[in-house]
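What follows is one structure encoded as structure tokens, with my remarks underneath.
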Amino acid sequence: MPELPEVETIARDLAPLLRGRRVVSVHAARQPPVFVGGSLAPRTIVGRRIRDVSRTGKFIIVEFDEEVRLAVHLRMTGNLLFNPPAGPVRYTRATFGLDNGARLVFADVRKFGRMRVFRGDARATLGVGIDPFAPELDARLAELVRGRRTPVKSWLLDQRHIAGVGNIYACEALYYAGVRPKKRVGKLSLRERAMLLTALRRVLHKAIRHRGSSVDDYVDAEGKAGRFQNSLAVYGRAGMPCRRCGTLIRRIVLAQRGTFYCPTCQV
DNA sequence: ATCAGCACCTGTTGGC
DNA sequence: TGCCAACAGGTGCTGA
């Protein structure tokens with residue numbers, strides 16, 4: 001499910017709802033475990049007050065006092081729901097009780113989603129790269145891709161380079177930049193790199209304004225779908241005409257992922 | 001250093 | 001209608 005715009009939407013919605021609240025209980029599913037790899041036990045956050053909620057890459061970061069942080073990764077089908085209607089939530093993986101009686105529920109059909117509690121810097125701990133919106137990315141992009149022979153789309157999906165881009169927005173950004181997904185990232189021209197970065201930021205911003213894409217399972221913290229799926233130019237549109245030139249959108253598999261592009265508009 | 005392939009899970013969809 | 005394969009917004013591991 002969720003890429004940067006979806007995760008950003010959830011984090012922005014949750015921040016004012018959770019800020020200042022205290023966690024009073026944590027219940028987490030075992031088998032398969034939902035808490036994996038944290039340096040602190042989940043119970044560490046019980047009794048602590050939430051300072052803020054933000055996004056790092058595709059992680060939702062809930063920050064507590066003393067640098068204690070909870071990182072939530074939704075993977076494919078995770079949903080983080082604030083105070084859902086009373087009664088059991090289907091596919092619940094974890095439930096956090098709050099001091100005002102509200103609850104935060106992590107539900108996930110496919111059980112890929114993960115959480116961890118740790119102390120210290122989120123970006124370093126989680127091993128994610130630079131944010132697409134970071135101003136210094138413009139200056140650093142050339143150096144990041146220099147000599148890399150991997151296809152540009154595979155490179156975009158690697159969270160250690162740029163953090164937050166997933167399959168949908170990689171396809172969309174490459175379309176708007178006019179670049180073929182298979183093009184070797186190290187061979188992009190200066191102009192192509194600039195176009196790609198501009199296209200990436202534009203499509204991510206626009207998707208955030210539309211509260212993300214709900215292609216399948218994604219809903220925000222209130223359980224509502226996003227709207228950007230209606231504006232997708234290539235993702236999921238195989239066999240349909242390109243909106244710019246009418247050529248039929250093609251689907252290939254690259255890095256084991258469905259990849260969509262216009263063979264005319266993208267060179 | 002890469003990268004294809006598969007693993008992790010469950011649900012939905014489309015073809016025969 | 002029924003069955004089965006393919007596919008799904010992500011990542012992490014293995015072995016070539």
Side-chain angles (χ1 to χ4, degrees), chain A residues 1-11 29-38 55-60 71-80 89-94 106-116 125-129 132 144-175 181-187 200 203-204 207-208 210-220 225-239 251-260:
Chain A
M1 143 226 152
E3 305 181 29
L4 186 153
E6 292 77 28
V7 176
E8 181 73 26
T9 298
I10 293 171
R30 192 73 187 93
Q31 204 77 19
V34 63
F35 277 98
V36 173
R55 174 193 63 78
T56 295
K58 296 176 192 169
F59 291 89
I60 295 159
V72 180
H73 199 304
L74 304 167
R75 292 283 181 99
M76 295 286 265
T77 53
N79 292 127
L80 196 54
V89 176
R90 225 148 111 84
Y91 309 117
T92 291
R93 299 278 292 147
F106 181 47
D108 184 6
V109 182
R110 289 175 73 180
K111 305 178 184 173
F112 290 165
R114 291 287 131 85
M115 300 188 285
R116 55 207 276 192
T125 304
L126 301 169
V128 299
L144 285 174
V145 304
R146 185 174 306 136
R148 300 286 188 154
R149 303 178 43 89
T150 195
V152 56
K153 192 207 172 198
S154 308
W155 190 87
L156 285 171
L157 293 181
D158 189 332
Q159 301 300 297
R160 295 169 301 181
H161 306 319
I162 294 179
V165 184
N167 206 29
I168 292 180
Y169 301 105
C171 290
E172 296 293 304
L174 287 167
Y175 170 76
K182 273 189 177 173
K183 181 138 188 178
R184 310 262 184 207
V185 68
K187 306 207 86 171
L200 183 59
V203 76
L204 291 174
I208 291 170
H210 286 73
R211 302 186 58 77
S213 302
S214 292
V215 171
D216 203 10
D217 302 280
Y218 170 72
V219 290
D220 63 22
R227 293 178 272 108
F228 196 67
Q229 63 277 10
N230 305 311
S231 303
L232 297 175
V234 289
Y235 182 84
R237 298 192 69 240
R251 178 187 188 275
I252 60 172
V253 175
L254 211 175
Q256 287 78 245
R257 319 295 302 281
T259 300
F260 304 84

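Every chain is numbered from 1, with letters handed out A, B, ... down the list of sequences.
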Query raised in the report: In terms of side-chain heavy atoms, does A:Y169 have a donor or acceptor partner in A:S213 at a distance below 3.5 Å?
Result: yes
Pairwise [atom1] distance for [N] and [M], with rounding to whole Å:
N	M	atom1	result
B:dG5	C:dA6	P	15 Å
C:dT11	B:dG11	P	22 Å
C:dC3	B:dC8	C1'	25 Å

Rounded to the nearest Å, what distance is computed from the [atom1] atom of residue [X] to the [atom2] atom of nucleotide [N]?
X	N	atom1	atom2	result
A:D217	C:dA8	CG	P	13 Å
A:R116	C:dG12	CZ	C1'	12 Å
A:I168	C:dG10	CD1	P	7 Å
A:F59	C:dG12	CZ	C1'	12 Å
A:D158	C:dT11	CG	P	9 Å

Report task. Could you label the plane-to-plane angle of the A:H73 and A:F59 rings as parallel, tilted or perpendicular, counting under 30° as parallel and over 60° as perpendicular? Result -> perpendicular
Query raised in the report: Is A:E6 reaching over with its side chain to a backbone N or O of A:Y218, donor-acceptor style, under 3.5 angstrom?
Result: no
Requested in this report: Quick one: closest heavy-atom pair of A:E172 and A:V234, and the distance?
Outcome: OE2-N, 2.9 Å
Report task. Identify the two heavy atoms, one from A:P2 and one from A:V7, that lie closest to each other, and give their separation to 0.1 Å. Result -> CB-CG2, 4.0 Å
Requested in this report: Nearest-nucleotide wise, let me know which of A:K58 and A:G258 is further upstream toward the 5' end of DNA chain C.
Outcome: A:G258
Compile the donor-acceptor pairs under 3.5 Å between side chains in residues 29-36 of chain A and protein atoms, sequence neighbours left out, one pair per line.
none

Query - Phosphate-side-chain proximity, A:H73 and C:dT11, N/O vs OP1/OP2 below 4.0 Å - result: yes
Query raised in the report: Base, backbone or nothing for each nucleotide of nucleotides 3-16 of chain B, written B, S, -, heavy atoms under 4.0 angstrom, 5' to 3'?
Result: SSB--BBBS-----
Query - Check ion pair A:R75-A:D108 (N to O, under 4.0 angstrom) - result: no
Query raised in the report: Paired with C:dA5 by Watson-Crick or G-U wobble geometry, both distances under 3.5 Å: which nucleotide is it?
Result: B:dT13
Query raised in the report: Which is true for A:R148 with a 4.0 Å heavy-atom rule: it touches a base, it touches only sugar-phosphate, or it touches nothing?
Result: sugar-phosphate
